[in-house]
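Just so you know, residue 1 is the first one in the sequence shown, and it goes up from there. Remember, it's a predicted structure, so these values are computed and weren't measured experimentally. Atoms within a ligand are numbered from 1 in the order they appear, just like the ligands themselves.
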Amino acid sequence: SEVLKLSGITKSYNTGKPNEVQVLQGADLTVAEGEVVALVAPSGAGKSTLLHIAGLLDVADSGKVQIKGQDMTLKSDRKRTATRREDVGFIYQFHHLLPEFTALENIVLPQLANGVSERDAEARARSLLDTVGVGERAGHRPAALSGGEQQRVAYCRALANEPSLLLADEPTGNLDPGTSDRVFEALMSLVKGTGMSALIATHNLELAARMGRMVRLTDGRLVEEG
Ligand code: ADP
Ligand code: ADP
């Protein structure tokens, strides 16, 4: 069954300028359970806009967003927020970890907020950190970690509450190429270990080719790549 379905999504930004650009012009996409999809396009094509609409952080001008079969389009803000918290995990180019907390705490806290016991939250955090090879760094604050380590901790945090859908926007975009490669592998291990669905935006075609499927965002629409 499908975890995410976008149908006929359109979006433009009202900038007040006469020749306003329509960023999305009827984007359609289905992501099945367990599927990992690369979203490729050059910078400025509308990848972040599409991810924010898919993750219920922004609303489309028209079209339909379904998450786990539920039409979210006309739902209240409250219902959309609840679904986002329960079902969606976000990863960004820059990590947004809480600087005053350790790596472990950064992964424990969202679980406590979600009603998980401290013991279970810590066990899960340690297991996630081990999966991405940062287990030994659990007690360090973000500032004491390398850029690649910080990104890996952020991946663990995004997956802490076991979302059904992971949305990632250039997840290795701020790392040098060698580091990016290894850190991307860590992300793939995490995603495959949980069986979740993922939509991962990147302009790196080599990374995109390592995912199960590739869609290209071009002229505001999504096209399957062979
Ligand atoms: P990408 O993630 O592919 O770089 P974005 O979705 O960030 O693309 O942006 C797509 C286009 O929409 C760009 O031309 C960008 O300048 C414009 N845009 C994005 N956000 C806004 C906004 N809040 N207001 C006005 N224009 C925006
Ligand atoms: P919480 O308060 O539990 O973190 P939120 O609804 O604020 O839940 O956010 C859920 C997810 O969406 C978080 O991963 C957060 O980083 C991200 N998020 C929330 N608002 C924005 C925003 N305006 N832009 C980008 N990401 C956001």
(request) Decide whether T179 and D176 meet the rule of one side-chain donor and one side-chain acceptor closer than 3.5 Å. (result) yes
(message) Students should be able to answer this: which protein heavy-atom is nearest to atom 4 (O) of ligand 1, and at what distance?
(response) G44 N, 2.7 Å
(request) Identify whether the distance between the nearest side-chain nitrogen and carboxylate oxygen of D28 and K5 falls below 4.0 Å. (result) no
(message) Please check whether V23 reaches ligand 1 - meaning an N/O of the residue sits under 3.5 Å from an N/O of the ligand, judged on distance alone.
(response) no
(message) Out of all atoms in ligand 1, which are within 4.0 Å of some heavy atom of K47? Include the element for each.
(response) 1 (P), 2 (O), 3 (O), 6 (O), 8 (O)
(message) Between the side chains of D77 and R84, is the shortest nitrogen-to-carboxylate-oxygen separation below 4.0 Å, so that they form an ion pair?
(response) no
(request) Each residue besides L205 in its hydrophobic cluster should be listed here, by chain and number; the cluster joins Ile, Leu, Val, Met, Phe, Trp and Tyr at side-chain heavy-atom distances under 4.5 Å. (result) V40, M214
(message) Under 4.0 Å from atom 16 (O) of ligand 1, is there at least one protein heavy atom?
(response) no
(message) Can you tell me if A41 contacts ligand 1 (heavy atom of the residue under 4.0 Å from the ligand)?
(response) no
(request) Select the closest option to atom 9 (O) of ligand 1 among L24, T49, L51, judged by heavy-atom distance. (result) T49
(request) Ignoring hydrogens, tell whether any protein atom lies closer than 4.0 Å to atom 11 (C) of ligand 1; use the non-hydrogen atoms only. (result) yes
(request) In plain terms, say whether E224 and R213 are close enough for a salt bridge, that is, a side-chain N and a carboxylate O under 4.0 Å apart. (result) yes
(request) Identify, for atom 8 (O) of ligand 1, the protein heavy atom at the shortest distance, and state residue, atom and that distance. (result) G46 N, 3.0 Å
In residues 94-101, what donor-acceptor pairs under 3.5 Å come from side-chain atoms, sequence neighbours left out?
| residue | atom | partner | partner atom | Å |
| --- | --- | --- | --- | --- |
| H95 | ND1 | L97 | N | 2.8 |
| H95 | NE2 | Q150 | OE1 | 3.0 |

(request) Decide whether T131 and S189 meet the rule of one side-chain donor and one side-chain acceptor closer than 3.5 Å. (result) no
(message) Under 3.5 Å between any N/O of D169 and any N/O of ligand 1: does that happen in this structure?
(response) no
(request) Indicate whether any N or O donor in one side chain lies under 3.5 Å from an N or O acceptor in the other, for D71 and T73. (result) yes
(message) Please list the nearest protein heavy atom to atom 22 (C) of ligand 1 with its residue and the distance rounded to 0.1 Å.
(response) Y13 CD2, 3.4 Å
(request) With heavy atoms of S48 as the reference, note each atom of ligand 1 found under 4.0 Å away. (result) 1 (P), 2 (O), 6 (O), 7 (O)
